[in-house]
Amino acid sequence: MQDCIFCKIIKGEIPCYKIYEDDYVLAFLDIAKDVYGHILVLPKTHCKNILHVEEKTLNRVISAVKKISNHLVDNCGFDGVNILNNSEKGALVKHLHFHIIPRHDEDGLKVFPEFSGVDCDLGEVCEKLKIKEEVIDIVPTQKVVLYTDGACSGNPGLGGFGAILLHNGKQKIVSGGEENTTNNRMELMAVIRGLEAIKIPCEVDIYSDSAYVVNAFLQNWIGSWQAKGWKTAGGGDVLNIDLWKRLLIQVNKHKVSWHKVKGHADNELNNACDELARKEIDKLRN
Ligand code: 5GP
Ligand code: ZN
């Protein structure tokens, strides 16, 4: 915005005392000199206020507020902070910003306004103001990548499965083995146990080389089986119902995307899962 004073500061047209900067956020000292260390934290792209900001931008700004606040307490000798924001009401500058007011225990500041009180029934207020439908998703979605593979020595025979979960740059490994099982059951178990290791609803990208598992979802065989009371198109019983049901419970918890990968090819993590599965078979042999 051309005449926005904070946009001018961001562009360097007006100087400021910079406290923190990254690709998306700028923080600088408030010019007012009303409180020692009064800091403003704002997104580098113009947006009016918290009512209009995009979720991702807000998350970045709030993360920076936390980072700076921790720095003030950990490294600058403050005891805590107050965070203030004006949206529409009372804002002088119409570019989203949070005020950080660094605090000392005995500084005597009254940062939180002293209101005159209101005569009301909290139950009625709650009924009027509460969000009746879950229309606001304030929890940013967590993304997980799940690689899986199952293997069997003999079919049926000794089986093993392996799953590798990737989340926020970290890896978690799950593996196990069973006697007298099948390749398909182990492929299913790999996905089930991988998903069972995820404790909150997430967006999960599942990579498997099992056409049996992946196509059941991508081609909605599973929907047809359920509609027919777990019978196949030919009228026979669906095999491995126990595992399909266990898998469905997990799949319904998350937002899952299925990806079929080529088995025993150059996919490093698929190969790593295959190795985990084979090691489990070896454990059962020995
Ligand atoms: P608001 O009332 O909009 O929440 O707060 C705006 C803040 O921006 C005020 O505290 C004011 O002192 C600060 N401010 C206004 N113009 C400038 C400026 O040019 N430079 C800096 N550093 N702060 C400013
Ligand atoms: Zn602006």
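Indexing begins at 1, ligand by ligand and atom by atom, following the structure's order. Keep in mind it's a predicted model, so treat the numbers as computed, not measured.
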K.L.:
In terms of relative ring orientation, are H95 and F6 parallel, tilted or perpendicular, with 30° and 60° separating the classes?
P.N.:
perpendicular
K.L.:
Could R278 and E275 be called an ion pair, given the rule that one side-chain N must be under 4.0 Å from one carboxylate O?
P.N.:
no
K.L.:
Check K231 with D237, please: is the shortest side-chain N to carboxylate O separation under 4.0 Å?
P.N.:
yes
K.L.:
If you measure from the Lys or Arg side-chain nitrogens to the Asp or Glu carboxylate oxygens, is any gap between D242 and R246 under 4.0 Å?
P.N.:
no
K.L.:
Would you name the heavy atoms of D209 and K260 that are closest together and state the gap between them?
P.N.:
O-NZ, 3.3 Å
K.L.:
Run through ligand 1 for me and note each protein residue having a heavy atom under 4.0 Å from it, chain first, then residue number.
P.N.:
I5, F6, I9, F28, L29, D30, I31, A32, L40, N86, G90, A91, L92, V93, H97, H99
K.L.:
How about E203 and H254: does a side-chain donor come under 3.5 Å of a side-chain acceptor?
P.N.:
no
K.L.:
Using a strict 4.0 Å threshold on nitrogen-to-oxygen distance, state whether E124 and K128 make a salt bridge.
P.N.:
no
K.L.:
Determine whether the side chains of T57 and N59 contain a donor N or O and an acceptor N or O closer than 3.5 Å.
P.N.:
no
K.L.:
Using a cut-off of 2.8 Å, find all protein N, O or S atoms closer to the Zn ion (ligand 2) than that distance.
P.N.:
C4 SG, C7 SG, H46 ND1, H95 ND1
K.L.:
Using a strict threshold of under 4.0 Å (side-chain N to carboxylate O), is an ion pair present between R285 and D282?
P.N.:
yes
